[in-house]
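In what follows, every heavy atom counts, from backbone to side chain, and hydrogens, waters and symmetry copies are set aside. Proteins get letters first, then strands, A, B, ... in listed order; numbering begins at 1 in each.
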There are 2 protein chains.
Amino acid sequence: MKRDSRLSGVLHVLLHMAEQGAPMTSDQLAKAMQTHPVVIRRILGGLRDAGFVHSEKGHGGGWTIAKSLADITMRDVYDAIGRPSLMAMGNRTEAPGCLVEQAVNAALDTSFLEAEALLLARFGEVTLAQLAADFHARMAARSTSPTAQEHIHG
Amino acid sequence: MKRDSRLSGVLHVLLHMAEQGAPMTSDQLAKAMQTHPVVIRRILGGLRDAGFVHSEKGHGGGWTIAKSLADITMRDVYDAIGRPSLMAMGNRTEAPGCLVEQAVNAALDTSFLEAEALLLARFGEVTLAQLAADFHARMAARSTSPTAQEHIHG
DNA sequence: TTTCATGTAACTTTAAATAGTGCGTGAAAG
DNA sequence: CTTTCACGCACTATTTAAAGTTACATGAAA
């Protein structure tokens with residue numbers, strides 16, 4: 001299956017926006033993400049509606065973070081992009097008449113629901129502030145490393 | 001993303017084979033699963049290699065279960081079909097140069113690996129014998145129910 | 001009033017699962 | 001020994017959802 005990278009993508013975008021301070025345009029963000037500006041607008045649309053980011057048109061416009069990073073969890077972001085399905089596997093048929101399939105579905109559903117619940121709980125425990133802190137720690141580690149030579153895009 | 005239903009499918013097929021007792025041809029199984037015989041052969045190929053089922057050519061041939069249902073877990077079946085990825089989401093880029101993305105990936109990976117581990121552990125706890133027992137319980141419940149009228153395919 | 005930037009709809013491309021075709025192989029029936 | 005049955009496998013086609021792209025409208029600042 002083609003794996004959905006929207007969550008990964010939005011988190012990346014949000015952290016870049018937070019680092020920047022000033023409003024960033026969809027074009028700038030698209031460059032940093034190596035994707036298309038429209039994809040950025042689409043992906044940030046849900047976050048705007050949820051109140052996590054703000055967008056401004058015209059000169060000097062662009063995207064800004066509307067809340068403190070400490071007040072946004074990965075779970076919030078996941079919800080804001082529309083809660084895409086987390087599991088790559090599903091049942092062959094939902095609501096099958098075949099009792100064998102019902103038994104199989106029940107067993108699989110139990111496990112999948114448990115795994116999803118765990119995942120969402122973990123998402124809820126991680127704030128963007130923590131991710132930003134991890135990023136800064138990596139920055140520090142790189143700048144003191146003797147082999148540090150890569151640069152940061154965006 | 002398109003959700004993978006191979007695990008669901010193969011469990012379904014195995015239980016039907018177990019119910020039958022006698023060898024079942026790919027055509028029969030395909031009818032029961034409302035799919036193509038080749039799909040059945042493909043899906044059962046991995047299980048044959050893993051020793052869970054046996055296939056016989058020619059007249060009177062077909063597929064049979066090669067082990068006791070109590071000795072096959074959902075985890076075994078998952079492994080036999082090639083351990084397809086369980087999570088529908090992935091990182092935008094593996095091994096990114098961008099430190100922001102590294103921080104995001106690390107956080108997501110932690111959660112995903114935990115959820116996958118839980119899922120596999122649960123799979124390992126469920127045997128096909130348990131699924132068959134659940135199926136029989138559903139059979140009994142249906143036959144005593146006043147509204148029982150659906151039939152079992154296959 | 002021109003330029004910049006988002007908002008959105010429609011369309012195209014791409015990746016992965018699933019479906020299907022054709023032909024080869026081997027075993028049993030007649 | 002030849003026909004029929006059934007799996008084995010390589011290859012192609014279809015389908016679905018994500019991702020990418022184009023086109024144009026809207027609204028704000030220079």
Side-chain angles (χ1 to χ4, degrees), chain A residues 1-10 12-13 17 20 22-50 53-64 66 78 81-94, chain B residues 1-10 12-13 17 20 22-31 33-49 53-64 66 78 81-94:
Chain A
M1 133 250 16
K2 194 175 196 170
R3 293 171 90 183
D4 184 340
S5 67
R6 281 176 293 177
L7 180 57
S8 169
V10 205
H12 190 176
V13 167
M17 283 171 55
Q20 194 69 15
M24 290 188 77
T25 67
S26 303
D27 269 299
Q28 290 176 303
L29 289 168
K31 280 269 166 53
M33 305 274 301
Q34 308 181 73
T35 183
H36 203 276
V38 173
V39 175
I40 299 291
R41 296 196 191 113
R42 251 203 305 257
I43 210 170
L44 287 181
L47 295 207
R48 180 190 55 232
D49 298 343
V53 299
H54 174 73
S55 64
E56 197 74 41
K57 288 180 178 177
H59 283 274
W63 299 90
T64 44
Y78 170 75
I81 63 175
R83 302 196 180 110
S85 78
L86 295 165
M87 299 295 144
M89 309 184 116
N91 294 323
R92 229 174 47 84
T93 314
E94 299 307 326
Chain B
M1 133 249 14
K2 194 175 198 170
R3 294 173 89 181
D4 184 339
S5 66
R6 280 176 295 176
L7 180 57
S8 168
V10 80
H12 191 175
V13 168
M17 282 171 55
Q20 194 69 15
M24 289 188 78
T25 68
S26 304
D27 270 299
Q28 290 176 303
L29 289 168
K31 280 271 167 49
M33 305 275 299
Q34 307 182 70
T35 184
H36 202 276
V38 173
V39 175
I40 299 292
R41 296 196 189 111
R42 250 200 306 262
I43 211 172
L44 287 182
L47 276 96
R48 181 190 54 232
D49 298 343
V53 299
H54 174 72
S55 63
E56 197 73 42
K57 288 180 177 176
H59 282 272
W63 299 90
T64 44
Y78 170 74
I81 63 176
R83 302 194 178 113
S85 79
L86 295 166
M87 298 295 142
M89 311 186 108
N91 293 323
R92 229 175 45 84
T93 315
E94 300 307 327

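- For A:Ile40 and C:dG7, the CD1 to C1' distance is 15 Å, given to the nearest whole Å.
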Shorter than 3.5 Å, N or O on both sides, protein versus nucleotides 13-15 of chain D: list them out with atom names.
residue	atom	partner	partner atom	Å
D:dT15	O2	B:Lys2	NZ	3.0

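- Nearest approach of B:Leu47 to B:Ile81, heavy atoms of both residues: CD1-CG2, 3.9 Å.
- Considering only side-chain atoms of A:Arg48, the nucleotide from C:dT21, D:dG8, C:dG7 that sits closest is C:dG7.
- Dashed line: the shortest gap from a side-chain N or O of B:Ser26 to OP1 or OP2 of D:dA6 is not under 4.0 Å.
- Between B:Ser26 and B:Trp63 the shortest heavy-atom distance is OG-NE1, 3.0 Å.
- Counting to the nearest Å, the C1' atom of D:dA18 and the CE atom of A:Met33 are 14 Å from each other.
- Atom CZ of B:Arg83 and atom C1' of C:dA17 are 20 Å apart (whole Å).
- The side chain of B:Val38 approaches C:dG20 more closely than any other nucleotide in the set D:dT21, C:dG20, C:dT6.
- Side-chain N/O atoms of B:Thr25 include none lying less than 4.0 angstrom from OP1 or OP2 on D:dC5.
- Summarising the geometry of A:Ala30 relative to A:Pro37, their closest heavy-atom pair is CB-N, 3.5 Å, with the distance given to 0.1 Å.
- A donor-acceptor pair under 3.5 Å is formed between the side chain of A:Asp4 and the backbone N or O of A:Arg6.
- Spacing between atom CZ of B:Arg42 and atom P of C:dG22 amounts to 15 Å, rounded to whole angstrom units.
- As rounded to whole Å, 9 Å separates atom P of D:dG8 from atom CG of B:Leu44.
- Distances shown here put every side-chain N or O of A:Ser5 at or beyond 4.0 Å from the OP1 or OP2 atom of D:dA18.
- The distance from atom CD of B:Gln34 to atom P of C:dG20 is 12 Å, rounded to the nearest whole Å.
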> How does protein contact run along nucleotides 24-30 of chain D, one letter per nucleotide 5' to 3', with B for base contact, S for sugar-phosphate only, - for none, heavy atoms under 4.0 Å?
Replying inline: --BBBB-

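- Map B:Arg6 and A:Ser55 each onto its nearest nucleotide of DNA chain C; the residue landing nearer the 5' end is A:Ser55.
- Between B:Met24 atom CE and B:Thr64 atom OG1 the span is 12.0 Å, to the nearest 0.5 Å.
- The shortest distance between side-chain heavy atoms of A:His54 and A:Glu56 falls below 4.5 Å.
- With hydrogens and angles disregarded, no donor-acceptor distance shorter than 3.5 Å links the side chain of A:Ser5 to the backbone of A:Ser8.
- For the pair B:Leu7 CG and C:dT18 P, the interatomic distance rounds to 11 Å; values are reported in whole Å.
- As rounded to whole Å, 18 Å separates atom P of D:dC11 from atom NE2 of B:His36.
- Atom-to-atom distance recorded for B:Leu7:CG and A:Arg92:CZ is 12.0 Å, nearest 0.5 angstrom.
- The two atoms that bring A:Val13 and A:Ile40 nearest to each other are CG2-CD1, 4.0 Å, heavy atoms only.
- Closest of all the heavy-atom pairs between A:Gly61 and A:Pro23 is O-CB, 3.8 Å.
- Residue A:Trp63 has its side chain nearest to C:dG7 when only D:dG20, C:dG20, C:dG7 are considered.
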